[in-house]
Amino acid sequence: MTTPTRRLRPDAVLVQAVIAGALSFAHLHDLASAAGQSGWKAWAYPVSVDLLLVAAWRRLRTGRDGSSWTWFAIALAASLGANVATAGLLDLHQVPAWLRILVAGWPALAFLGGTLLVHAPAPAAVEPEPDEEPSASEVEVHRADTPEPVPPAPAPAPELTPAPVKPPAAPAVPPALLDHARSIADAHRTSTGEQITADALTARLGLPAPTCQAIAAQLQLT
């Protein structure tokens with residue numbers, strides 16, 4: 001099985017790029033040579049300008065920032081300036097001093113621009129915000145005619161019946177004290193002919209009221 005060979009087809013854009021690059025390269029060489037840069041130095045200037053232009057363009061393709069546009073404009077101005085200067089508007093036999101200064105300072109400027117373009121941090125990519133809306137597959141469909149189960153009402157708590165309050169227990173009365181109270185009651189009956197009352201017994205004994213009430217209950221006094 002033979003592999004089909006691809007034929008090279010001429011591309012008009014590529015041919016145009018080669019022609020434009022060659023002419024710009026030659027114009028930069030002529031301008032550098034006229035500014036006093038002879039030999040290999042005159043050929044290094046167009047290479048430096050084109051490399052800075054390519055570096056700025058690649059930086060612009062990865063992410064647009066102000067420094068990339070600045071260095072791209074500087075390299076493009078240098079290339080266009082050389083093309084215009086060699087078109088007869090500038091006498092290459094008598095180059096002005098300011099142009100010699102620009103040509104002499106170009107290597108340092110190109111090195112600075114290339115270093116900043118290569119070693120500058122790439123702009124952070126903006127992450128798309130997650131879609132908060134659920135997809136159609138995740139949405140659960142509920143029937144409108146099916147009522148949801150109602151939870152049963154909680155059973156009422158049983159009412160607590162308060163415990164009956166027990167009456168306080170009567171204090172214990174010693175037998176001797178009970179005999180003493182009985183003798184007082186008998187003496188009062190003998191002298192007055194009437195039964196002594198509970199208040200009178202309490203006053204005669206001079207004891208606490210609960211104790212006197214217990215004695216009167218045992219003696220059945222009113």
Side-chain angles (χ1 to χ4, degrees), residues 1-140:
M1 182 177 180
T2 58
T3 304
T5 58
R6 298 180 60 184
R7 296 181 179 180
L8 296 178
R9 296 181 180 181
D11 189 354
V13 177
L14 181 60
V15 174
Q16 183 67 22
V18 172
I19 295 174
L23 291 176
S24 178
F25 196 90
H27 292 161
L28 285 168
H29 169 267
D30 295 343
L31 184 63
S33 179
Q37 307 297 326
S38 60
W40 65 271
K41 294 182 291 183
W43 292 107
Y45 273 88
V47 175
S48 176
V49 173
D50 290 344
L51 286 179
L52 182 60
L53 191 64
V54 172
W57 174 248
R58 293 189 62 180
R59 183 70 178 181
L60 285 174
R61 293 187 62 183
T62 56
R64 297 183 179 182
D65 54 356
S67 61
S68 302
W69 279 112
T70 300
W71 292 111
F72 182 80
I74 292 175
L76 185 62
S79 180
L80 292 177
N83 296 334
V84 174
T86 56
L89 299 179
L90 182 66
D91 187 4
L92 297 181
H93 299 286
Q94 295 181 356
V95 179
W98 62 267
L99 184 57
R100 293 178 182 271
I101 296 174
L102 289 180
V103 173
W106 173 259
L109 183 63
F111 177 76
L112 176 63
T115 303
L116 294 178
L117 289 173
V118 173
H119 296 286
V126 179
E127 298 182 358
E129 297 182 358
D131 189 6
E132 297 182 356
E133 298 182 359
S135 58
S137 59
E138 298 179 357
V139 177
E140 298 181 357

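As the structure is a computational prediction, the values presented were derived from the model and not from experiment.
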Q: Let me check something: any side-chain donor-acceptor pairs from residues 98-109 under 3.5 Å, sequence neighbours excluded? List them with distances.
A:
{"unit_1": "R100", "atom_1": "NH1", "unit_2": "A35", "atom_2": "O", "d": "3.3"}
{"unit_1": "W106", "atom_1": "NE1", "unit_2": "S48", "atom_2": "OG", "d": "3.1"}

Q: Side-chain contact test, heavy atoms from C-beta onward, threshold under 4.5 Å: evaluate it for F72 versus L76 and give yes or no.
A: yes

Q: Going from CH2 on W43 to CG on L28, what distance comes out if it is rounded to the nearest 0.5 angstrom?
A: 11.0 Å

Q: Looking at CD1 of I74 and CH2 of W69, how far apart are the two atoms once the value is rounded to the nearest 0.5 Å?
A: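 It is 14.0 Å, given to the nearest 0.5 Å.
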
Q: Check whether any side-chain heavy atom of R58 lies under 4.5 Å from a side-chain heavy atom of T62, and answer yes or no.
A: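 R58 does not reach T62 side chain to side chain.
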
Q: Run the side-chain donor-acceptor check on residues 78-87: report pairs under 3.5 Å with partners two or more places apart or on a different chain.
A:
{"unit_1": "S79", "atom_1": "OG", "unit_2": "S24", "atom_2": "OG", "d": "2.7"}
{"unit_1": "N83", "atom_1": "OD1", "unit_2": "H27", "atom_2": "ND1", "d": "2.7"}
{"unit_1": "N83", "atom_1": "ND2", "unit_2": "S79", "atom_2": "O", "d": "3.2"}
{"unit_1": "T86", "atom_1": "OG1", "unit_2": "A82", "atom_2": "O", "d": "2.8"}
{"unit_1": "T86", "atom_1": "OG1", "unit_2": "N83", "atom_2": "O", "d": "3.3"}

Q: Can you name the nearest heavy-atom pair linking S68 to A56, along with the distance?
A: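 Taking S68 first and A56 second, the nearest heavy atoms are O-CB, 3.8 Å.
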
Q: Among all residues two or more places apart in sequence or in another chain, which pass the side-chain contact (heavy atoms from CB on, under 4.5 Å) test with A34?
A: L92, V95

